[in-house]
Amino acid sequence: KKANTHDQLIPHKWGAFALVFFFPGMSPKQTATLTDSMMRSGNLIDFPDSARRKVDKHSTGGVGDKVSICLAPLVAACGVPVPMISGRGLGHTGGTLDKLSAIPGFSVEQSDQQFIKLVEQNFCALIGQTASLAPADKRLYALRDVTATVESIPLICASILSKKLAEGIDGLVLDVKFGSGAFMKNLEDARQLATTLVAVGTQMGRDVTALLTSMNQVLGHACGNSNETNEAFDVLRGEGPEDLRHITIELGAEMLLLGEAAETIDEGRTKIEEVIQNGKGVEQMAKIIESQGGDPRVLEEDSGLLPLAAHEDIVVFQKPGYIHAFDVESIGRSAMLLGAGRARQDDVIDLGVGLEITHKIGDKVDAGEVFARITYNDQGKLDAMKQVLSNSVTLSDDPCAPVKLIEERICKNQIA
């Protein structure tokens, strides 16, 4: 197609680029070159304190994934700086920024210099991507969407790493999810993505480790924004669902290992558990919240400061049996229909609505037992979402095993 201006020509060239590399793929070296170019398309964060290794975590997204909110302050409390730049949710997976926005007064909009200052001051900052960081990624992502190349693993890898490495980090821990509520539906695709991310990150001089984790059931119980934030606070307080605690501790141990604050994974686990038990994780989060304009009293149990929807309802199991499977994407979609997520980038989120899924795969349930608790504001949205939610669980007369949450660990020593 003939372009009349330079601005028109560039998108066509980038679109052709995406298509050319989608089918044959790219080698790790090619992907690293692309990632480096995208990373350098904007500003690079440069921290004055080069002595301490800075480590971040990235998740490929899932339903109920509020891990960053409890993980970052715990790792910071152990002495490893965590410069964390996150995104907003789109579709059935929620975004960390939306959950943080439920905290009264909390500002995720910070300049590059403010970001650096916050990390120096609190060993952690939780902000949104600034326009100056990896701007080429936003442009290429839009073109990947219209050219149907969103699923290209090299392009996914370049998108993730260009933003994360621009933060000025030394190490990165990846939570690559697979299953019905993840972008990668099967383990093999998730393994390929994780292996590529580790290989490319290593080529770019960073220490990168990936955990392959199941998204075949909601992580924790809460799906929404305020309720997920509160569930993350529960973990900081030494409470919360077992699976959420487990993955937080494991990812934290990996981050301490890359940050050279622990010599082994076992030592890392112990240190994360210690700052949960002694309350230093809560103290660290209070500093982060206050420094970013929020009200630290929100961390108090039953503070009443997080937005809460006006009405409640439930969905019950229609028959007895054992839970064999969830359609987790449908659970996420039902929360989105309620107003907890956005179908389009400009949709407005209702921070107070959400779901609580009460059971896990392998649980035995009775007819009439509660499957989900719902908080809502708009009655008109309730019937459609309850229908989607009711069809999202599969029961059987036969028992089945619980889900294995962490399937595999991939580090640079395993990459050929």
Side-chain angles (χ1 to χ4, degrees), residues 52 54-57 64-89 94-111 113-128 130 220-222 224-241 244-245 248-249 251-252 255-256 271-309 349-352 354 375:
R52 289 184 182 273
K54 288 157 281 294
V55 183
D56 195 7
K57 163 260 181 188
D65 185 3
K66 70 283 292 181
V67 171
S68 292
I69 298 171
C70 44
L71 174 65
L74 291 172
V75 174
C78 293
V80 174
V82 184
M84 185 171 283
I85 298 177
S86 303
R88 297 193 180 277
T96 298
L97 293 191
D98 298 312
K99 299 174 181 69
L100 289 170
S101 296
I103 300 171
F106 191 87
S107 174
V108 297
E109 307 297 333
Q110 305 286 339
S111 69
Q113 289 306 311
Q114 288 170 321
F115 179 56
I116 292 170
K117 183 179 178 181
L118 287 167
V119 174
E120 289 180 324
Q121 178 181 324
N122 299 320
F123 278 16
C124 182
L126 302 168
I127 73 166
T130 66
H221 298 297
N225 293 284
S226 283
N227 59 350
E228 286 195 45
T229 299
N230 193 54
E231 196 165 71
F233 291 166
D234 284 342
V235 172
L236 286 175
R237 292 188 288 255
E239 304 162 359
L244 182 58
R245 284 172 53 87
T248 299
I249 291 168
L251 289 168
M255 291 177 73
L256 295 189
K271 288 190 171 185
I272 295 291
E273 288 169 346
E274 282 177 356
V275 294
I276 292 174
Q277 295 304 321
N278 64 23
K280 290 185 178 179
V282 172
E283 291 175 11
Q284 195 75 34
M285 190 58 173
K287 292 177 185 176
I288 294 165
I289 291 172
E290 188 167 21
S291 296
Q292 293 187 224
D295 187 341
R297 293 177 301 168
V298 74
L299 288 162
E300 298 170 8
E301 204 161 2
D302 301 321
S303 71
L305 292 175
L306 291 169
L308 182 64
I349 280 183
D350 185 340
L351 296 171
T375 53

| request: Walk me through it: do Thr130 and Ser111 pass the test side chain to side chain contact (heavy atoms under 4.5 Å, CB included)? | output: CA-CA 7 Å; Thr130 66; Ser111 69; over 6 Å; no
| query | Are Thr229 and Phe106 close enough, and set up right, to give a side chain to side chain contact (heavy atoms under 4.5 Å, CB included), and what steps lead you there? | reply | CA-CA 13 Å; Thr229 299; Phe106 191 87; over 6 Å; no
| field | Evaluation steps, side chain to side chain contact (heavy atoms under 4.5 Å, CB included), between Val55 and Val75 | value | CA-CA 9 Å; Val55 183; Val75 174; 5.8 Å; no
| query | What's the verdict on side chain to side chain contact (heavy atoms under 4.5 Å, CB included) for Met285 and Ile69, showing C-alpha distance, side-chain angles and the deciding distance? | reply | CA-CA 9 Å; Met285 190 58 173; Ile69 298 171; 4.0 Å; yes
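Taking the side chain to side chain donor-acceptor pair (under 3.5 Å) definition, one finds that Glu231 meets it with Lys66, sequence neighbours left out. Under the salt bridge (Lys or Arg N to Asp or Glu O under 4.0 Å) criterion, Glu300 pairs with no residue, sequence neighbours left out. Contacts of Asp350 classified as salt bridge (Lys or Arg N to Asp or Glu O under 4.0 Å), with partners at least two apart in sequence or in another chain: none. A search for side chain to side chain donor-acceptor pair (under 3.5 Å) contacts involving Asn227 returns nothing, not counting sequence neighbours. Remark: Lys57 engages Ser68 in a side chain to side chain donor-acceptor pair (under 3.5 Å) (not counting sequence neighbours). For Asn230, the side chain to side chain donor-acceptor pair (under 3.5 Å) criterion is met by no residue, not counting sequence neighbours.
Side-chain atoms of Thr248 do not come within 3.5 Å of backbone N or O of Val67 as any donor-acceptor pair. A donor-acceptor contact shorter than 3.5 Å is absent between the side chain of Ser226 and the backbone of Leu306.
With a 4.5 Å cut-off on side-chain heavy atoms, Gln292 and Leu100 do not count as touching.
Nearest heavy atom pair, residue Ser86 against residue Met84, reads OG-CG, 3.6 Å. Contact record, Arg245 with Gly240: CD-O, 3.6 Å, taken as the closest heavy-atom pair. When all heavy atoms of Ala76 and Val82 are compared, the closest pair comes out as N-CG2, 4.1 Å. Minimum heavy-atom separation, Pro73 to Ile288: CB-CD1, 4.0 Å. Nearest heavy-atom pair, Pro81 versus Val119, reported as atom, atom and distance to 0.1 Å: CB-CG1, 4.1 Å. Ile289 approaches Pro296 most closely through the heavy-atom pair CG2-N, 3.9 Å.
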Would you give me the side-chain donor-acceptor pairs under 3.5 Å for residues 120-128, sequence neighbours excluded?
residue, atom, partner, partner atom, Å
Gln121, NE2, Ser291, OG, 3.0
Asn122, ND2, Ser291, OG, 2.9

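The OG atom of Ser107 sits 7.5 Å away from the CD atom of Gln114 when rounded to the nearest 0.5 Å. Atom CD1 of residue Ile272 and atom CG of residue Leu251 lie 9.5 Å apart, to the nearest 0.5 angstrom. Atoms CG and CG, on Leu308 and Leu351 in that order, are 12.0 Å from each other to the nearest 0.5 Å. Atom SG of residue Cys70 and atom CZ of residue Arg237 lie 11.0 Å apart, to the nearest 0.5 angstrom.
Here salt bridge (Lys or Arg N to Asp or Glu O under 4.0 Å) pairs that include residues 286-299, with residues two or more places apart or in two chains, are Asp295-Arg297. The side chain to side chain donor-acceptor pair (under 3.5 Å) contacts involving residues 272-284 comprise nothing, where partners must be two or more places apart or lie in separate chains.
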